Amino acid sequence: MVSFIQSVLLDLQSKNENVEDFVFILPSKRAGVFLKHHLSQIIQQPVFAPKILSIEEFVEELSGLKNIPNTDLLFILYDVYKKTTSEKDLESFESFSKWGQILLQDFNEIDRYLIPQEKIFDYLSAIKELDHWSVEKEQTDLVKRHLKFWKRLKDYYLAYTETLLENKQGYQGLIYREAVDNLEIYIENNSEVQHIFLGFNALNESESQIIQGLLQSDLANIYWDTDSTFINDPIHDAGIFTRVHKAQWKYFKNHSFDWITSHYKAQKNIEVIGVPKLVGQAKYIGQLLEHLGQTNENLTNTAVILGEENLLVPVLNSIPESVKALNVTMGLPLKFTPIASLFETLFSIHKHNPKNFYYKDIVAILSHPSIHGLFQYENDNTADEITTHIQKNNIVYSDLKQLKKLAKSHIDLLGYLFNSWEDNALIALKNCSNLIYKMKANYTENSNKLELEYLYRFNQLFNQLTELNSTYKHLKTVATLHTIFKELLSSETLDFKGEPLEGLQIMGMLESRVLDFETIIISSVNEGILPSGKTNNSFIPFDVKVENNLPTYKEKDAV
């Protein structure tokens, strides 16, 4: 089997091109590792490796801005919001964070697709003016406040982008917009560099303009990984983007469209298996791998592609012992790690600053797998003794003093768990950090490597929150901290690293771009997952998105 990346390298070699002078730009970092591997197999003599970048890295380089984490962006946006909003209309950070994230997503889309900001914000404001629901001639205070918010969106955007640009920082969309603005200067300064784009499909307007600009200046070649079945069928969604690029880009009026293959119609062995529930799928994937391992020892040409990220841990636990080498290239969202549920419970019980704790909450924390082992002493366990006493004596509420009386040891640990947080975010963050160090000591003794990795990421997360709070001072209560903690949990991931060219490959859908394997196992091929269906988490209505060529759920399904 000749893979797509190999085909591109062989084509460049046949043209007697000097590969080490190229800049290769790919959809993901993982594809770059495979490119280097295939390159080492094709070249006959030692050469310097060419520059290999993901599209995000290339655009960041082009823009001169630094991409900063989503949480930092939210804190900066609230700072701007406070400066541009009157005292009486100002919302708390907790309330703001719920709609601030959506606003950031919309700013991102508007910039990535190079929509004129003045036009779209004025348009949105005018629509809301027409839409307002009051039947009275005079607008109520609620309606006035609602309309004022829509009129201010443009001010928020302008002040926010100005603040970021002053600090040479940006979110993804702003970085893309700046990159397009800097393209001419880049072309002038890099007139000798040849860029190779390969394996792209769904391009936003910024990417499209950057690639077209380099193609028109004869500074780039582009290779598409598409099939005649998709591109020749006018209604097939899998070819929706490549059909548009082929028809509308001026470059393809005089140049060939490389490549349209016909692999889709080649003979394949496809099996569709119905398995109930997620864990059932994970166990069956384990069985399939055991069967495949009997015929192919290292499973190098086998990939497991997970439609749902939360299936990663069950799949890792189901991999047979016969699989000696594997590489995971996907992030496990922190909210799916076991420790996440512990901190979620702690935040829930401390949020209202109780004097006494309900017995179910006490039992839930003390019997949590991440905590239970910390209470071990000699042949007994303090946590078991406390829960047994509570259940035997039907105790409904207990305070820390009563719990300490029941404990024969680990009094300090009970303090970390049940000491009052006094509705103070700083105390909460300090307690959580102390608890992490206590757990770390226990995991190091018992050599639990995966749990230590979870702990490390949570330690990073709490350090990040502490640093942001000391800079911006927006986190005043435990409830506000809990809201931001939940936001972070859903976006932060635990990234796995392995030997990318050896053994079984486990990845998410997006990581599979540009790569080829002989055997593929895809999980969760269910409606609502692949494709994900209608999710419209945006302030911009569907018709306005269509009017301005912004992506809707239709384009996301096509991806």
Side-chain angles (χ1 to χ4, degrees), residues 28-30 32-33 54 56 67-74 101 172 278-279 281-282 285-286 303-319 323 325-347 368-371 373-374 429 432-433 435-444 446-468 481-500 502-512 523-524 529:
S28 68
K29 284 183 182 178
R30 184 191 181 107
V33 177
S54 68
E56 283 86 6
N67 196 356
I68 57 174
N70 203 43
T71 318
D72 296 48
L73 290 168
L74 190 67
Q101 289 284 12
Q172 194 192 52
L278 287 177
V279 175
Q281 288 188 60
I285 287 170
V304 175
I305 299 175
L306 303 178
E308 283 182 283
E309 293 167 318
N310 57 335
L311 202 56
L312 179 58
V313 173
V315 165
L316 289 175
N317 289 325
S318 305
I319 288 173
V323 176
L326 68 99
N327 176 44
V328 181
T329 314
M330 61 183 293
L332 172 68
L334 286 185
K335 64 179 177 183
F336 296 131
T337 60
I339 296 172
S341 61
L342 169 67
F343 286 112
E344 184 60 39
T345 310
L346 281 172
F347 274 111
H368 193 283
S370 303
I371 287 292
L374 306 187
L429 288 165
C432 289
S433 293
L435 185 58
I436 283 172
Y437 281 107
K438 195 78 180 165
M439 290 160 76
K440 176 182 177 269
N442 181 60
Y443 288 151
T444 308
N446 297 320
S447 182
N448 291 338
K449 289 180 183 174
L450 191 57
E451 280 81 359
L452 277 170
E453 200 61 44
Y454 295 153
L455 269 185
Y456 174 69
R457 284 297 286 118
F458 273 91
N459 192 43
Q460 275 187 319
L461 191 145
F462 285 120
N463 286 346
Q464 187 185 349
L465 283 169
T466 306
E467 190 183 330
L468 284 168
L481 178 62
H482 187 205
T483 305
I484 296 302
F485 175 75
K486 282 198 289 189
E487 292 281 356
L488 267 176
L489 270 191
S490 58
S491 59
E492 293 289 314
T493 56
L494 174 68
D495 296 321
F496 289 87
K497 286 181 182 174
E499 173 47 59
E502 202 179 297
L504 173 70
Q505 305 289 319
I506 300 176
M507 63 187 83
M509 288 299 295
L510 289 176
E511 285 82 15
S512 67
S523 75
S524 310
I529 299 163

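These figures come from a predicted structure and were not determined experimentally. Only heavy atoms go into these numbers, but all of them, side chains included; no hydrogens, no water, no symmetry mates.
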- Message: Tell me the closest heavy-atom pair linking Ser523 and Leu311, and the distance in Å.
- Response: OG-CD2, 3.3 Å
- Query: Just wondering, do Leu332 and Arg457 contact through their side chains at under 4.5 Å, heavy atoms?
  - Reply: no
- Item | Pairwise distance CG(Leu461) to CD1(Ile436) - rounded to 0.5 angstrom | 8.5 Å
- Contacts of Phe462 that satisfy ring pair (Phe, Tyr, Trp, His ring centres under 6.0 Å) - sequence neighbours left out: Phe343, Phe485
- Task: Output, in order, the C-alpha distance, side-chain angles, deciding distance and verdict of side chain to side chain contact (heavy atoms under 4.5 Å, CB included) for Val304 and Ile319.
- Result: CA-CA 11 Å; Val304 175; Ile319 288 173; over 6 Å; no
- Task: Mind running side chain to side chain contact (heavy atoms under 4.5 Å, CB included) on Val313 and Leu450 for me, showing each step along the way?
- Result: CA-CA 11 Å; Val313 173; Leu450 191 57; 5.8 Å; no
- Mind checking the CD-CG spacing from Gln101 to Leu74? Nearest 0.5 Å is all I need. 5.0 Å
- Message: Would you say that more than 12 heavy atoms from the other residues, nucleotides or ligands in this model lie under 6.0 Å from the CD of Glu344, or not?
- Response: yes
- Query: Distance-only, no hydrogens or angles: does the Asn459 side chain make a donor-acceptor pair with backbone N or O of Leu455 under 3.5 Å?
  - Reply: no
- Query: Are the side chains of Ile506 and Leu316 in touch, meaning some heavy atoms are under 4.5 Å apart?
  - Reply: yes
- Task: Could you tell me whether the side chain of Leu346 reaches within less than 4.5 Å of the side chain of Leu435, counting heavy atoms only?
- Result: yes
- Leu342 to Ser370 - nearest heavy-atom pair and separation: CD2-CB, 4.3 Å
- Item | Distance (rounded to the nearest 0.5 Å) between Glu511 CD and Gln505 CD | 11.5 Å
- Item | Leu510 side chain near Met330 side chain, heavy-atom distance below 4.5 Å | no
- Are side-chain N/O atoms of Asn70 and Glu487 paired as donor and acceptor at under 3.5 Å? no
- Nearest heavy atoms of Gln464 and Asp72, plus distance in Å: NE2-OD1, 3.6 Å
- Message: Using 0.5 Å steps for rounding, measure from the CD1 atom of Ile285 to the CG atom of Leu306.
- Response: 6.0 Å
- Residue pair Lys335 / Glu492, side-chain heavy-atom distance below 4.5 Å: no
- Query: Hey, does the side chain of Gln281 reach the backbone of Ser524 with a donor-acceptor pair shorter than 3.5 angstrom?
  - Reply: yes
- Message: To the nearest 0.5 Å, what is the distance between CD1 on Ile371 and CG on Asn442?
- Response: 9.5 Å
- Query: Quick one: does Met509's side chain get under 4.5 Å of Ile305's, heavy atoms only?
  - Reply: yes
- Message: Nearest 0.5 angstrom please: Leu465 CG to Cys432 SG, how far?
- Response: 9.5 Å
- Message: Test of understanding: with ring pair (Phe, Tyr, Trp, His ring centres under 6.0 Å), list the residues that count as partners of His368, not counting sequence neighbours.
- Response: none
- Are any of the side-chain heavy atoms of Phe458 and Leu489 separated by less than 4.5 Å? yes
- Is any side-chain heavy atom of Lys29 less than 4.5 Å from a side-chain heavy atom of Glu56? no
